[in-house]
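For the single chain, residues carry numbers from 1 onward in sequence order. Indexing begins at 1, ligand by ligand and atom by atom, following the structure's order.
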Amino acid sequence: MAGAKGDKPAKADKAAKVAAAVAKSSKGRKKETGLGLTNTKDGNFGEWYSEVVTNGEMIEYYEISGCYILRPWTMAIWDVMQNFFDPEIKKMNIKTCYFPLFVSNNVLQKEKDHIEGFAPEVAWVTRSGDSDLEVPIAIRPTSETVMYPYYSKWIRGHRDLPLKLNQWCNVVRWEFSNPTPFIRSREFLWQEGHTAFATKEEADTEVLQILELYRRLYEEYLAVPVVKGQKSELEKFAGGLYTTSVEAFIPNTGRGVQGATSHCLGQNFAKMFEINFEDEKGEKAMVWQNSWAYSTRTIGVMVMVHGDDKGLVLPPKVSSVQVIVVHVPYKDADVKEIINACSETVKTLCDAGIRAEADLRENYSPGWKYSHWEMKGVPLRIEIGPKDLASNQVRAVRRDKGTKVDIPMAGLVDSVNGMLDDIQKNMFEVAKQKRDACIQVTKTWDEFVEALGQKKLILAPWCNEEEVEKEVKAKTKGEIGAAKTLCSPFEQPELPEGTLCFASGKPAKKWTYWGRSY
Ligand code: 87F
């Protein structure tokens, strides 16, 4: 991935920054590090991203390349998403399970045709202690081959169907290109759903139900606009029948990013793993299968879309702290009284179900705390000083817009709830406007090449031929990666008779999004 920071945090940079900040600190407080980011989102996106996730305390870099420590600030977001998604799939009668991390070579190879392209990414355990294992054991890169032998065993008759399982787990894919926290890491967390049905219709219906949950996860929780659509034959999961996805876009880099996928596997795996059942007529039939997943990549997309030059900007719905209360002590003021007011405020908010905390540390100045919590992306800051106390109000500052308002203590909960709702809405609207401003309709090859150079999200009429997509890929191959199809949106603009494919000049079959991607 071009334009994104690779492996190592710029340690030297960081040390220099801290030293400079300490030197600048007029009050000479040792801990005053000035905090700000050294890179801007527009200036050097890759370095900016790396700084945002580390300074925001989401990620710590680890000594093994491509592996990252997910800190509590990250896991709290993951928890909120899981607390939305898991009950939704349970309503669909999907059950939780857990299969082992390891796969034998034998079983992994069963999926040979489909695993072929992925083989270089499979990690193996070859030794225990000093002795070599008799046969190496693979670490799951995904769990089709782990699970489906047991689907074959468990499914006998039509009464065993549907079989609908989901597991929350880690997987390992030994990527070699440009590791990036959340977006491309060698180990990541995800949920993987694997379902089997008696009919294709049931499978088709579920594919879209799950995709809609993924859309809601992005749009309602992460405030990131996505496009629902179908992958091309070249970009779909080769083991399946068809792949649907939600696609996000990062305006700063001009790259699309596959947000989550929901596949209809058809009967390919049923054939390979002999997942058969006796139908109602007593005849032998093969199951229809789906698989679907979203991963910790979702969090990286959210950071890239919303973050700014002050750091993270978290949507209220997923932020582990929605309101940070900071006391502003003035000389001669009654500090105790201010601190009490802060604690009272936090209690009032927490009692109303708002995730609020106070930062009452005395060895940091209010200014330092403001930048600290801005860096961590907390949606709303409440400041309380002597003047606020006197007039029975607090000062509220929004992370998304930076706007400040005084709100009366009476009715605080309603005001804060209103502001949090508005921040959530506004973040989505702003992200959508920025995304939409990048969409470029192109009808000819020349327009396409120009738009690609301008980092656009391209919507073009296409003949839907695999050879043509391969040609486009080959012709746009460059240092920063080739253009490919992202998806054909389910919501198709009108395609008038006689519209031609932008690339081949043949009759166009559908509108498709194209671009570089992560
Ligand atoms: C890497 C190594 C080995 C992707 C891999 O999308 C195998 C694979 O099968 C592999 N990378 N895939 C495709 C995964 C398909 C599918 N699996 C279940 C999903 C959703 C969850």
Quick one: sort the [X] and [Y] rings into parallel, tilted or perpendicular, breaks at 30° and 60°.
X      : Y      : result
Phe269 : Phe273 : parallel
Trp168 : Phe85  : perpendicular
Trp445 : Phe448 : parallel

Inset, instruction - Indicate yes or no: does an N/O atom of Thr142 lie under 3.5 Å from an N/O atom of ligand 1? - result: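 Yes: some nitrogen or oxygen of Thr142 is under 3.5 Å from one in ligand 1.
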
Inset, instruction - Return yes or no for this condition: an N or O of Glu144 is under 3.5 Å from an N or O of ligand 1. - result: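 Glu144 vs ligand 1: N/O contact under 3.5 Å present.
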
Legend entry - Criterion side chain to side chain contact (heavy atoms under 4.5 Å, CB included) against Asn290, the qualifying member of Glu206, His263, Lys164: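 For Asn290, the side chain to side chain contact (heavy atoms under 4.5 Å, CB included) check succeeds only for Glu206.
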
Provide, to 0.1 Å, the distance between [atom] and the closest protein heavy atom, together with that atom's residue and name.
atom                    : answer
atom 20 (C) of ligand 1 : Ala293 CB, 3.5 Å
atom 11 (N) of ligand 1 : Arg173 CZ, 3.1 Å
atom 13 (C) of ligand 1 : Phe237 CE1, 3.5 Å
atom 19 (C) of ligand 1 : His263 NE2, 3.1 Å

Atom indices of ligand 1 within 4.0 angstrom of [X] heavy atoms, with elements:
X      : value
Ser291 : 16 (C), 17 (N), 18 (C), 20 (C)
Trp190 : 21 (C)
Thr261 : 6 (O)
Glu121 : 1 (C)
Pro141 : 1 (C), 2 (C), 3 (C), 7 (C)

Legend entry - Sole residue of Trp292, Phe99, Tyr148 in ring pair (Phe, Tyr, Trp, His ring centres under 6.0 Å) with His194: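 That would be Tyr148.
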
Inset, instruction - For ligand 1, note which part of Phe118 has a heavy atom under 4.0 Å away: side chain, backbone, both or neither. - result: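 Phe118 to ligand 1: contacts from backbone and side chain alike.
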
Inset, instruction - For the pair Lys432 and Glu219, find out whether any cationic side-chain nitrogen is under 4.0 Å from an anionic carboxylate oxygen. - result: no

Inset, instruction - Could you tell me whether Lys484 and Glu469 make a salt bridge, using a distance below 4.0 angstrom between a side-chain N and a carboxylate O? - result: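 Glu469 and Lys484: not salt-bridged.
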
Inset, instruction - Indicate yes or no: at least one non-hydrogen side-chain atom of Thr298 is less than 4.5 angstrom from one of Phe182. - result: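 Of all side-chain heavy-atom pairs linking Phe182 with Thr298, none is under 4.5 Å.
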
